[in-house]
Structures are given as C-alpha cells and as structure tokens.
Amino acid sequence: MGGLSLVDGWLPIALLAVGGLAMFGLLTRWGRGAVATVVAAVLVAALVFAGLNLLVVDVLDLVPEPLPRQVLLWTALGLGGVVLAVGSLVGTRPGRKVVALVCGLLVVVSAAAQINVYFEQYPTLGALAGGDERSFAGGHGAPSRSMSTPVASRWTGPATGTSSIETAPIPGTVSGFTGRDAQLYLPAAYNSPNAPLLPVLVLVAGQPGGPQDWVVGGTLQALMDEVAQRHGGLAPVTVVVDPNGADGNNTMCMDSDIAKADTYLSVDVPRWIEATLGVDSNHAHWAFGGWSFGGTCALQMATRHPDLYPNFVDMAGEREPAISADRTQTIQIAFHGDTAAFDALTPLTLLAERKYPDVWGYFACGGDEEEVGEWQTEVSTAAQRAGMTVRTQVVPGQGHSWGVPHASLPPAMDFLGPRLGLTAAAR
C-alpha cells in the first residue's frame, strides 16, 4: 500500500470522482438558507481564484511566480466546499449535519489530491504517511582521501550492499549557524564491503522547506538509485543540507546580517563530510545542486566557491537570491540597505566580472514556468559567457513542481558523470 501512487494511476481519479459526488451532495441541500450558502460559497471560491496569487506571490513571497490556473481552481473549489459544509450545519437535522461534514471533508481531500498531482510533493501513500528516520551510524571505515583518478576506473564492484537514507546533524562549528539535520543518501556501493571512495553531491531544497523534502517529494533514494544503475552501480554520496534553519527562514545562502549561511555551506559542511563520511575529498569530483531556492543556492556556491563546488545543478532557480519580491527590502533586511555589498555577491555580478573555465553547470526548469524559464535563459547565457560548460533542459508540461527534479537530476548526473568520476572517459 505504501507504494500506491498519488500522482498517477487509478487513485487520483477515484479521489476526484469521490470529491465530485461529495460536492453534489453538498449542493442538494434544500430549505432555509440554502441559496445564501451557495452564493457565499461561490463568492469565496471566486475571491480565492482571483486573489490567491496576490497573497502567496506578492504578499507572502512563498513562490517565485504565480500559481497555475489548475492549482487556483482546486484551491477555490476546496474552500468553496468548506463554505457549503459549514452552511449546511445551520438549521438542519443531525443526520444532515453528519452528511455535510463528511462531504466537506471529501471535497477538501479531493482538491488537495489534485493539487498534489501538480506539485508531486507526496508521490505515494508511503511518502504521505512518512517514515522512521534512520540516524547515521558511521561510515564504511575508510577515511576520506583526495583521489586523482575517477572512481569508475578504480572500482571493480559489484555493489553488494543496499542504498540507504540516513540523518545526521552538521554543526556550524565555524559559522555559528544551526541547521536542521541533514539527509544522507548512501549508495549501495558505499554500503558494500568493498566500498570505494565516492564523489559527493550536496543538495538544498526549496524555501519554505527543508532537507526532508528531497527525500519525500524529491524521491531522492529512487532518483539516485537510478543514477547508480546508469553508471555501473556508482552514484555520489549525497548530502541534503539545511542553510535556513526553519521553514520560514531565508538566509539566501549568504553571509549577511541574517546568518553566516555561506560560511556554513563552504566551510562547515565540506569539513564535516570529509571528516565523517569517508569520501573522495578531491573537490574536482564534488557537485552542488538544488531545486527552486536550492537551485539559486547552487549557482551561488559555484560562482563564489568554484574551488569547492566546480560542478552544479540549478533546477528552477531564481536569477538572484531574494527574501522579498521587493529588491530594496531584501537588501535592507540582509545588508542594512548596502546595495553594493549585496550586488558583489550575486551570481550575475560574479559571472560578469570573472571567468570560470573549469566549472560545469546544468540548468533545468519546467516548460510551464514562464518567468523561471526567462531567468534560466539569462543566467545560463551569462554562465556560458563566463567560460562555464553549460547544458540546459526544459521539462515539458511541468510547472514549479517536483516533476522538474524528477526529470532532470538523473540526466544532470549523466552530464556531470565524467567530472564526478562516475564515468572513466573525460568529455
């Protein structure tokens, strides 16, 4: 049951049908107040459909671009169903009240299921239910060491272990920053008796969000197992880190008045990985990636620290870090209004001022993300002009959803495979 899909197959269709029947049940109420309830539900639904983007984009800055019409529609229908259910509690018999509550709940569940189909936040029932976190119990015993050769040319295999997802805190020893526990993907090869020293991929999730999102919505284990299958059993040790500390926080992955998030990502995180996990510490074989906020962060790390992260994957990132849609407000919050200090650290400034001939980057976005697509074109063009080796991907039929990482992370690892050492031959 845990593997039952919530984004395709029969279950989303069944939930849609149940929701339609429940809505019909709410609309069949007759008697005093019925017409007023329907009018109120229609007004609420219309207001939500027309004004939700103003709230989540312009006021709360929860998403980088307007929500698609289908998400607005399902949200409006769900809240309209709530109004109908509440209205049916007034002046009706007890039996009708029970029916109203059940139908209202089914309408909300059905609407939420359709929104989940779009965002793919919970791909299966098991992901929705959650699972027990497994704490990191220790590496394979071999200390980290800088390897001059790709792992594909020095590992004989096969992988006899199984891949695992584990958690571990990464202390902000130098930065003073406190992030939530990291999520670790340890490939089957890492968990094998003949474990090689593997390359490293550092990932960051969107904002609001945290490391767990990559495991649940991002289906990290399945994606990286696919990478291993495509590379003879080899995949990077993947560390999903938290540069924000809480869902509502936004450090912009920078050292600013908010926090020393850049120091955390460029000093504390790599030092912990090398000291704890037993990996290839040659940073030529490391990459930094992320989706949405995390994609912006990945480009920041590659432009500010190309010696640490000379390979990156920017999936649906923004053109520059931001706390608010109001750039002036962002700079005021993080840099006391010092625009020059902020500009000096943004990727587009660095790409205009420096050359990066030894950096490779993979950009991806959804075909339905119009504004994000424009940002991707701007930053990827700037990256090419700065000497980076770049590849771009547009995922058809996807908006700002986990469908973008699902479709782009494995091919990104193919593109970066020679750099990470997953394939022996250099391109």
Side-chain angles (χ1 to χ4, degrees), residues 134 136-168 170 182-203 214-215 218-241 269-289 298 307-313 358-362 389 391 405 408-427:
R134 174 179 169 183
F136 180 61
H140 47 50
S144 295
R145 188 156 55 96
S146 179
M147 308 302 294
S148 60
T149 57
V151 64
S153 65
R154 53 183 161 81
W155 185 65
T156 57
T160 57
T162 58
S163 68
S164 61
I165 295 289
E166 305 182 18
T167 66
I170 300 180
Q183 299 285 329
L184 314 177
Y185 167 81
L186 304 178
Y190 181 92
N191 291 325
S192 298
N194 60 336
L197 294 178
L198 291 166
V200 173
L201 170 64
V202 177
L203 285 178
W214 260 108
V215 177
T219 62
L220 179 64
Q221 188 168 10
L223 285 181
M224 297 310 295
D225 282 350
E226 179 183 344
V227 170
Q229 291 175 0
R230 291 159 77 144
H231 295 91
L234 293 170
V237 169
T238 303
V239 184
V240 189
V241 299
V269 167
R271 286 183 181 178
W272 182 89
I273 291 172
E274 293 175 17
T276 309
L277 297 182
V279 295
D280 179 359
S281 58
N282 182 351
H283 283 260
H285 301 147
W286 285 39
F288 198 110
D307 54 330
L308 296 176
Y309 304 113
N311 311 288
F312 70 92
V313 185
D358 297 322
V359 174
W360 282 34
Y362 194 95
T389 300
R391 181 167 296 177
S408 60
L409 187 57
M413 292 296 99
D414 290 345
F415 173 69
L416 296 176
R419 299 273 292 180
L420 301 180
L422 301 178
T423 54
R427 294 187 182 184

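One-based numbering along the sequence shown. Any value given below was found using the heavy atoms of this structure, including those in side chains, with hydrogens, waters and symmetry copies removed. Given the structure is predicted, the values throughout are model-derived calculations rather than measurements.
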Can a donor-acceptor pair be found, under 3.5 Å and without considering hydrogens, that links the side chain of Ser144 to the backbone of Ala275?
no

Please enumerate all residues that pass side-chain contact (heavy atoms from CB on, under 4.5 Å) together with Ser164, with sequence neighbours excluded.
Arg134, Glu166, Leu186, Asn191

Sorted by chain and residue number, the salt bridge (Lys or Arg N to Asp or Glu O under 4.0 Å) partners of Arg230 (sequence neighbours excluded) come out as Glu226, Asp414

Close side-chain approach of Leu198 and Pro236, heavy atoms under 4.5 Å:
no

Sequence neighbours excluded - salt bridge (Lys or Arg N to Asp or Glu O under 4.0 Å) pairs with any residue from residues 189-199:
none

Please identify each residue that fulfils salt bridge (Lys or Arg N to Asp or Glu O under 4.0 Å) with Arg154, with sequence neighbours left out.
Asp280

Decide yes or no for His285 and Val151: does some side-chain heavy atom of the first lie under 4.5 Å from some side-chain heavy atom of the second?
no

To the nearest 0.5 Å, how far apart are CE in Met147 and CG in Asn282?
9.5 Å

Verify whether one side chain among Asp225 and Tyr185 offers a donor that lies under 3.5 Å from an acceptor in the other.
yes

Side chain to side chain, Ile273 and Trp286, heavy atoms closer than 4.5 Å:
yes

Leu277 side chain near Val200 side chain, heavy-atom distance below 4.5 Å
no

Going by the rule side-chain contact (heavy atoms from CB on, under 4.5 Å), which residues pair with Ala142 if we only count those two or more places apart in sequence or in a different chain?
His140, Leu197

For Val215, all residues meeting side-chain contact (heavy atoms from CB on, under 4.5 Å), sequence neighbours excluded:
Ile165, Gln183, Gln212

Of all heavy-atom pairs linking Tyr309 and Pro270, the shortest is OH-CD, 3.7 Å

